[in-house]
Amino acid sequence: MTYSGEVTVGGPADVHELKDLMITKIAVGPMDNNAYLLRCRATDEQLLIDAANDAETLLGMIGGDGIASVVTTHQHGDHWQALAEVVAATGARTYAGREDASGIPVTTDVAVDDGDVIRVGQVELTARHLVGHTPGSIALVYDDPHGHPHVFTGDCLFPGGVGNTRKDPKAFASLIRDVETKIFDVLPDETWVYPGHGNDTTLGTERPHLPEWHARGW
C-alpha cells in the first residue's frame with residue numbers, strides 16, 4: 001500500500017516504509033494529534049514522537065517490542081497527555097527541547113538543544129530548535145541516505161503555514177525565521193513533512209507560499 005499520511009482518530013495507522021526506517025503514523029485524541037512510531041529496520045529499536053493521547057492505542061501500536069525513547073516536540077498539553085502512562089508501561093527514556101522541558105509534567109531525561117542527534121537503533125535524527133510556537137519546540141530531521149530527507153515538525157510547520165504564534169508579531173518573526181533558515185534553506189523540495197496535526201506535505205509544496213506567509217503575518 002502506498003503511504004498517504006492521511007489518518008483519522010479511531011481509524012487505522014498508516015505506515016511509511018523506508019529502507020532503514022519504518023514510520024507509523026496514527027491520529028489520537030480530541031485535537032486530532034499525530035503520533036509517530038519510528039522503527040529501525042536493522043535493530044528493531046523503536047522511538048515514539050509525541051505520546052499525545054490515548055495511551056491504550058499508542059501502546060497497541062508499539063506492541064510487545066516496546067520503545068527505547070519518547071520525544072515530545074513541545075510543551076503544549078495536547079502533545080503529552082499519554083506520556084506518563086506510556087513511559088510507565090515501557091520504561092522509555094524521555095526527550096524534549098531544553099526550554100520546554102519544565103512545562104512537561106513528566107521528567108525529561110534528556111534535554112535537547114539545536115543540532116543534537118537522537119538515535120533510534122542505527123538511525124540518526126537531528127534536532128532543530130524552532131522558537132515561536134513555544135520557546136523550546138523541536139523538529140526532528142531524518143536525512144535518509146537512500147532517498148530524500150524526512151522532518152517531523154510538531155506544531156511548527158503545517159500544510160499552509162507555520163504554527164500558531166497567537167498574533168504575536170515577535171513570535172511569528174522568530175518562528176518563520178527559524179523554519180526558513182533551519183528547514184527550508186537547508187533541505188530540498190522533496191523533503192517529506194510530518195506535522196503534529198493533520199496531513200503531511202513536502203517542502204516543495206509549501207516553499208512557493210513563503211512570501212504569502214510573511215505578508216499575512218501568520
Checklist entry - In terms of side-chain heavy atoms, does D143 have a donor or acceptor partner in T126 at a distance below 3.5 Å? => result no
Item to check | Exercise: do W192 and D200 side chains pair donor with acceptor under 3.5 Å | outcome: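 The criterion, which ignores hydrogens and geometry beyond distance, is satisfied for D200 and W192.
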Checklist entry - Same cluster or not: are V193 and V186 linked, directly or through other Ile, Leu, Val, Met, Phe, Trp or Tyr residues, by side-chain heavy atoms under 4.5 angstrom apart? => result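 Per the 4.5 Å side-chain linkage, V193 and V186 are co-clustered.
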Taking only residues two or more places apart in sequence, or in another chain, which ones meet [X] in a side-chain hydrogen bond (donor to acceptor under 3.5 Å, both in side chains)?
| X | answer |
| --- | --- |
| R177 | none |
| Y194 | H16, H150 |
| R93 | none |
| T43 | none |

With sequence neighbours left out, what residues match [X] under salt bridge (Lys or Arg N to Asp or Glu O under 4.0 Å)?
| X | value |
| --- | --- |
| D32 | none |
| E124 | R119 |
| D178 | none |
| D144 | none |

Item to check | Result of checking V120, T73, L38, V71 against L140 for side-chain contact (heavy atoms from CB on, under 4.5 Å) | outcome: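 The passing option is V71.
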Checklist entry - So which of T202, V141, L157 actually passes side-chain contact (heavy atoms from CB on, under 4.5 Å) with V151? => result V141
Next on the checklist: Run D114 and K182 through side chain to side chain contact (heavy atoms under 4.5 Å, CB included) and show every step you take.
Outcome noted: CA-CA 10 Å; D114 188 58; K182 297 181 182 182; 3.6 Å; yes
Checklist entry - Can you name the side-chain contact (heavy atoms from CB on, under 4.5 Å) partners of R41, sequence neighbours left out? => result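 Testing R41 for side-chain contact (heavy atoms from CB on, under 4.5 Å), a comparison that skips the adjacent residues, returns E17, M22.
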Item to check | side-chain contact (heavy atoms from CB on, under 4.5 Å) against A42, all qualifying residues, sequence neighbours excluded | outcome: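 Only C40, Q122 meet the side-chain contact (heavy atoms from CB on, under 4.5 Å) criterion with A42.
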Checklist entry - Among D100, D155, T165, which one satisfies side chain to side chain donor-acceptor pair (under 3.5 Å) with T134? => result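 Result for side chain to side chain donor-acceptor pair (under 3.5 Å) with T134: D100.
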Checklist outcome for this item: From the list T24, D20, D65, side chain to side chain donor-acceptor pair (under 3.5 Å) with R39 holds only for D65
Item to check | Aromatic centroids of H209 and H214 separated by under 6.0 Å | outcome: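 Not under 6.0 Å, so no.
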Item to check | D189 versus R207, closest heavy-atom pair with distance | outcome: OD1-NE, 2.5 Å
Item to check | Summary of ring pair (Phe, Tyr, Trp, His ring centres under 6.0 Å) pairs that have at least one residue in residues 113-140, sequence neighbours excluded | outcome: H74-H133, H76-H133
Next on the checklist: Does W213 have more than 12 heavy atoms from other residues, nucleotides or ligands lying within 6.0 Å of its CH2?
Outcome noted: yes
Next on the checklist: Considering only residues two or more places apart or on different chains, which pairs with a residue in residues 68-85 satisfy salt bridge (charged side-chain N to carboxylate O under 4.0 Å, His left out)?
Outcome noted: none
